[in-house]
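Computed from a predicted structure; not experimentally measured. In the text below, chain A, chain B and the rest are named by the order of the sequence lines, each starting its count at 1.
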Amino acid sequence: MKVEKKKRKRAAQEEEEEEEDGELGDLYFRGIAAYFVETGIQPRRLQIWKQKLLQLGGVVEDHWSEHLSHVFAASVETVTDKCGRRKLKKSKTNVLKYTWIEDCLKAGKCLPIDSYVLDILPENRSVSRNSTENSGLRDNAPEKAVSSSLQKLTSSERATTSDWMQIINEGGEMGVVSKGLHKKETEGVCVNCEGGLHNTQGASSEEDCDMKNEAEASSAELAPARDAAPGPVDSLKNEPEAGYTPPNLNAHITGPFSEIKDIYKEALGDDRRAFSYYKALSVLEKVPFKITSVNQIKGFPTIGKSLMESIHEILSTGRFSKLEHLKNDNKVRVLALFGSVWGIGPATAQRLYDKGLRTLEELKTDNTLTPPQRIGLMFHNDIITKIPRHEIKEMEAIVQKSGSELCPGISIMCGGSYRRGKALSGDMDFVITHPDGHSHTGFLHELVRKLKSEDFLTEDLRIGIEHSTEGTDHGVDTWFGLCKYPGREMRHRVDFKVYPFDQYPFGLIAWTGNDILNRRLRLLAEAKGYSLDDHGLYPIVTDANGGKVKLSVSVPCKSECEVFEKLGFPWLEPHERNL
DNA sequence: GCCC
DNA sequence: CAGTACG
DNA sequence: GGGCCGATACTG
């Protein structure tokens, strides 16, 4: 009985869903029998498209045959390569660009195929002439603009879905990025990248990563903050003034997700779950349209069953019961509050709660807090306040000026979310090195002392090793603490990391992030028999006993680009690393 | 939490 | 050692 | 059902 009822209820609910989604819920791919030319497509995207085609009533075939209704491909070349120009010409199969599927999914209905047809021209090799009529987008053109167009797009006219899809599906890079790609294209790109690692499965966007550019970038990166003038010197031409932060059209979802992510991480200590929300919201905030139905995001990476249900709830009721439930729990609220203090994590929060403490004011009376935690508490409000980009730029200039006064030729640049182009940052991460390979030694101590004397740096939170010259450490100095924007008492979090020159590219990558990218790179490294961290890329070998041993010598890389390349990961400009 |  | 932090 | 970054690096 009850079961029956429930069933009916669910059925009714599902009908309701269909209702409110209107035509969106229809199986608008019904009747389609499709074959996918996989060449040049990220496996991840392919998987999603196939899945969605099936979900929405279509049929996916393993092989090409003439009775298919549709063939999808990235370009004319790939499809003719696979199926043969003649046979295609003869059959009535619609040969379409993949973007058709993406646009259909976005529109929530079956779109006219006109502008997506890949013309199979007789024996003429001309390619670019096809289907350019209404949009400037040719088969492989969109791949170029990628995120830069994504950033700007408020409307989606210029943004092919493939732009954001590509970004969103970044997760698929692990496999064969572009197995069909002519490897030659990337050969000789980095002359000094003698084949350290296996196959360099080059990605198409590699032109950005040639020696010239990198040399340029490198010299730019390393351009010492010349004496005073921070002005046009601007060693960091990396960073675009406008700021690359794209508009988030789905704050109604990412807001609550971000909250629950913080609770899971800082209050409950469920890192895994928190990371799942984190990844999901980084996907959601890049979707270039306002999500109104879960159907629009069916099959998206990092968004599984549970998150789908949550999103549906938010869309249909405007509420997120899971979050409400947590926030109604007073204990959870206190734990989250305590956990938001720098230096206090879930365990300490719990301990303090168990002591009966409930507010930050009460926390101040606690004598078990460590000095860093005490500072974190004292400036709690300051620290959680985001810093505008232009202020960071000024403070970077301050640090660079003092730095080069102290040590000419020193390279100091602000990484982190600032380097990734964000308009607001939670803190500043300075990555430091010296091209001569030795002058960095002992520099940090001096720098910190000087900046303190200038009343820029204020409190210490964490002090790294006193540059030991022994073999165990990597000779990397670190300093975490607080600073003041000139003329203002508010404190901001600052990190300094000083790297020997040969480790600098690894440090720069690591401290530019984001964390998702770091994890992916490290995972990728591991899959290829290496271990990656912020000071090197180390081969893993098997010793006589069959045990895994990390070699102590890193694969040499003299630029970020080279690290990407040796890992076979498509190059990303800093502002493209907001995965 | 997601994904294999 | 556990806990916390960093991207 | 098991993995999920780092043989992280620092604090106490």
Side-chain angles (χ1 to χ4, degrees), chain A residues 44 47 171-172 174-175 257 260-261 263-266 268-281 283 299-310 322 339 341-351 368-376 383 414-420 422 425-431 460-466 472-474 476-480 493-497 506-527 530-538 540 547-552 574 577-579:
Chain A
R44 181 70 192 215
Q47 174 201 337
M174 296 281 287
F257 273 26
I260 202 169
K261 179 258 300 174
I263 290 176
Y264 276 126
K265 182 179 171 65
E266 297 174 348
L268 307 180
D270 190 343
D271 281 14
R272 311 295 183 192
R273 203 171 304 260
F275 193 52
S276 286
Y277 279 97
Y278 178 60
K279 281 183 295 190
L281 68 101
V283 165
F300 272 33
T302 76
I303 300 178
K305 186 167 177 294
S306 176
L307 291 183
M308 256 335 215
E309 288 169 3
S310 294
K322 196 168 296 189
V341 175
W342 197 92
I344 297 182
T348 308
Q350 176 71 56
R351 181 177 61 74
T368 64
L369 292 184
T370 67
Q373 289 167 339
R374 196 162 291 288
I375 293 170
I383 292 174
C414 191
S417 58
Y418 171 78
R419 184 163 182 246
R420 298 199 307 273
K422 293 288 189 181
S425 297
D427 66 358
M428 293 184 288
D429 308 286
F430 288 100
V431 190
D460 304 305
L461 282 175
R462 196 170 129 170
I463 304 170
I465 52 171
E466 199 60 44
T472 50
D473 70 87
H474 295 83
V476 177
D477 284 355
T478 67
W479 183 87
F480 289 3
R493 280 278 297 103
V494 199
D495 302 340
F496 289 105
K497 278 257 174 182
F506 303 98
L508 191 54
I509 286 178
W511 288 84
T512 296
N514 62 9
D515 53 349
I516 295 182
L517 175 62
N518 283 346
R519 291 175 181 220
R520 278 195 197 151
L521 291 176
R522 290 167 190 198
L523 245 18
L524 179 58
E526 187 189 25
Y530 294 83
S531 173
L532 174 69
D533 61 22
D534 66 332
H535 30 43
L537 177 64
Y538 304 92
I540 301 291
K548 304 274 185 189
V549 177
K550 182 175 117 169
L551 292 189
S552 56
R577 301 181 198 172
N578 294 301
L579 305 187

Trainee: Taking only the C1' atom of each, what is the distance from dG1(B) to dA7(D) in whole angstrom?
Mentor: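 These two C1' atoms come out 27 Å apart once rounded.
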
Trainee: Measuring from the side chain of A347(A) (C-beta onward, heavy atoms only), which nucleotide among dC6(C), dG1(B), dG3(C) has the closest atom?
Mentor: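 Selected nucleotide: dG3(C).
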
Trainee: Counting any heavy atom closer than 4.0 Å, what does I463(A) reach on the DNA or RNA strands: base, sugar-phosphate only, or nothing?
Mentor: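 Counting heavy atoms under 4.0 Å across all strands, the contact made by I463(A) is with sugar-phosphate only.
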
Trainee: C1' atom, dA5(C) versus dG6(D): distance in rounded Å?
Mentor: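 So the two C1' atoms sit 12 Å from each other.
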
Trainee: With a non-hydrogen cut-off below 4.0 angstrom, is I344(A) in contact with a base, only sugar-phosphate, or nothing?
Mentor: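 The residue I344(A) makes sugar-phosphate contact but no base contact.
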
Trainee: If you look at every strand shown and take non-hydrogen atoms under 4.0 Å, does V431(A) touch a base, only sugar-phosphate, or nothing?
Mentor: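 Nothing, no heavy atom under 4.0 Å.
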
Trainee: Please state how far atom CD in E266(A) lies from atom P in dA5(C), giving the value in whole angstrom units.
Mentor: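 E266(A) atom CD is separated from dA5(C) atom P by 8 Å.
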
Trainee: Would you check if the side chain of R420(A) reaches a backbone N or O of T512(A) as a donor-acceptor pair within less than 3.5 Å?
Mentor: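 Such a contact is found between R420(A) side chain and T512(A) backbone.
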
Trainee: Give K261(A) one of three labels, base, sugar-phosphate or nothing, depending on what nucleic acid heavy atoms sit under 4.0 Å from its own.
Mentor: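 The answer is nothing, as K261(A) stays clear of every strand by at least 4.0 Å.
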
Trainee: To the nearest Å, how far apart are K265(A) NZ and dG1(B) C1'?
Mentor: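 Result: 14 Å.
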
Trainee: Between dG3(D) and dC6(C), how many Å separate the two P atoms, rounded to a whole number?
Mentor: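 Nearest-Å result for dG3(D) against dC6(C) at atom P: 28 Å.
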
Trainee: Is the backbone of A274(A) close enough, under 3.5 Å, to the side chain of D271(A) for a donor and an acceptor to pair up by distance?
Mentor: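 No.
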
Trainee: For F506(A), is there any backbone N or O sitting under 3.5 Å from a side-chain donor or acceptor partner on D534(A)?
Mentor: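 Not a single qualifying donor-acceptor pair exists.
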
Trainee: Side chain of R462(A) only, heavy atoms from C-beta on: which candidate in dG12(D), dA9(D), dC2(B) is closest?
Mentor: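 Within the option list, the nearest is dA9(D).
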
Trainee: For R351(A), answer base if it contacts any base atom (sugar-phosphate contacts may also be present), sugar-phosphate if it contacts only those atoms, and nothing otherwise; contact means non-hydrogen atoms under 4.0 Å.
Mentor: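 Counting heavy atoms under 4.0 Å across all strands, no contact is made by R351(A).
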
Trainee: Round to the nearest Å and state the distance from I516(A) atom CD1 to dG7(C) atom P.
Mentor: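 My rounded result for the distance is 13 Å.
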
Trainee: For P346(A), what residues pass the side-chain contact (heavy atoms from CB on, under 4.5 Å) criterion, not counting sequence neighbours?
Mentor: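 By the side-chain contact (heavy atoms from CB on, under 4.5 Å) rule, P346(A) matches no residue at all.
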
Trainee: If we ignore hydrogens and angles and just use 3.5 Å, is the side chain of D460(A) paired with the main-chain N or O of R462(A) as donor and acceptor?
Mentor: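 Between the backbone of R462(A) and the side chain of D460(A) there is no qualifying donor-acceptor contact (under 3.5 Å).
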
Trainee: How about D270(A) and I263(A): do any of their side-chain heavy atoms sit closer than 4.5 Å?
Mentor: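 The answer is no, as the side chains (C-beta and beyond) never meet within the 4.5 Å cut-off.
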
Trainee: Look at the side chain of D429(A) and decide which nucleotide, out of dG7(C), dG1(B), dA9(D), has an atom nearest to it.
Mentor: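 Ranking dG7(C), dG1(B), dA9(D) by closest atom to the D429(A) side chain puts dG7(C) first.
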
Trainee: Can you classify the ring geometry of F496(A) versus F430(A) as parallel (below 30°), tilted (30 to 60°) or perpendicular (above 60°)?
Mentor: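 The rings of F496(A) and F430(A) lie parallel, inter-plane angle below 30°.
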
Trainee: Examine dT4(C): is either OP1 or OP2 under 4.0 Å from a nitrogen or oxygen in the side chain of T348(A)? Give yes or no.
Mentor: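 T348(A) to dT4(C) OP1/OP2: side-chain N or O found under 4.0 Å.
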
Trainee: Between W479(A) and dC10(D), is there a contact of a side-chain N or O with OP1 or OP2 at under 4.0 Å?
Mentor: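 No.
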
Trainee: Base, sugar-phosphate, or nothing for Y278(A), non-hydrogen atoms under 4.0 angstrom?
Mentor: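 Y278(A): no heavy atom of the nucleic acid under 4.0 Å.
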
Trainee: Between P on dT4(C) and CG on L461(A), what's the gap in Å once rounded to a whole number?
Mentor: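 Answer to the nearest Å: 15 Å.
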
Trainee: Which part of the nucleic acid does D271(A) contact within heavy-atom distance under 4.0 Å: base, sugar-phosphate only, or nothing?
Mentor: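 Result for D271(A) = nothing.
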
Trainee: Please identify each residue that fulfils side-chain hydrogen bond (donor to acceptor under 3.5 Å, both in side chains) with E526(A), with sequence neighbours left out.
Mentor: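 For E526(A), no residue satisfies side-chain hydrogen bond (donor to acceptor under 3.5 Å, both in side chains) once neighbours in sequence are set aside.
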
Trainee: Quickly work out the F257(A) CZ to dC2(B) P distance and round it to whole Å.
Mentor: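 F257(A) atom CZ is separated from dC2(B) atom P by 9 Å.
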
Trainee: Nearest to the side chain of T478(A), which nucleotide is it out of dG12(D), dC10(D), dG7(C)?
Mentor: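 When the side chain of T478(A) is considered, dC10(D) is the closest of dG12(D), dC10(D), dG7(C).
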
Trainee: Over how many whole Å does the gap from Y418(A) atom OH to dG7(C) atom P extend?
Mentor: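 About 16 Å, once rounded to whole Å.
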
Trainee: Check side-chain hydrogen bond (donor to acceptor under 3.5 Å, both in side chains) between D495(A) and all other residues, then give those that pass, not counting sequence neighbours.
Mentor: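 For D495(A) the side-chain hydrogen bond (donor to acceptor under 3.5 Å, both in side chains) partners, ignoring immediate neighbours, are R493(A).
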
Trainee: State which residues pass side-chain hydrogen bond (donor to acceptor under 3.5 Å, both in side chains) with R351(A); sequence neighbours excluded, sorted by chain then number.
Mentor: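 Expected list: T368(A).
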
Trainee: Map every base of DNA chain D to its dot-bracket character, where paired means a Watson-Crick or G-U wobble contact with both distances under 3.5 Å and | marks a partner outside the strand.
Mentor: ||||||.|||||

Trainee: Measure from CG on D495(A) to C1' on dA9(D) and round the result to the nearest Å.
Mentor: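 To the nearest whole Å, that distance equals 12 Å.
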
Trainee: What does nucleotides 3-8 of chain D look like as a protein-contact string, B for base, S for sugar-phosphate only, - for none, at under 4.0 angstrom between heavy atoms?
Mentor: -BBBB-

Trainee: Is there a side-chain polar atom (N or O) of R273(A) under 4.0 Å from OP1 or OP2 of dG1(B)?
Mentor: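 Yes, R273(A) has a side-chain N/O under 4.0 Å of OP1/OP2 on dG1(B).
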
Trainee: What is the ring orientation for Y277(A) with Y264(A), classed by angle as parallel under 30°, tilted 30 to 60°, or perpendicular over 60°?
Mentor: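 Judged by the thresholds at 30° and 60°, the geometry between Y277(A) and Y264(A) is parallel.
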
Trainee: Looking for any heavy atom pair under 4.0 Å, which part of the strands does D270(A) touch: base, sugar-phosphate only, or nothing?
Mentor: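 Contact class for D270(A): none.
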
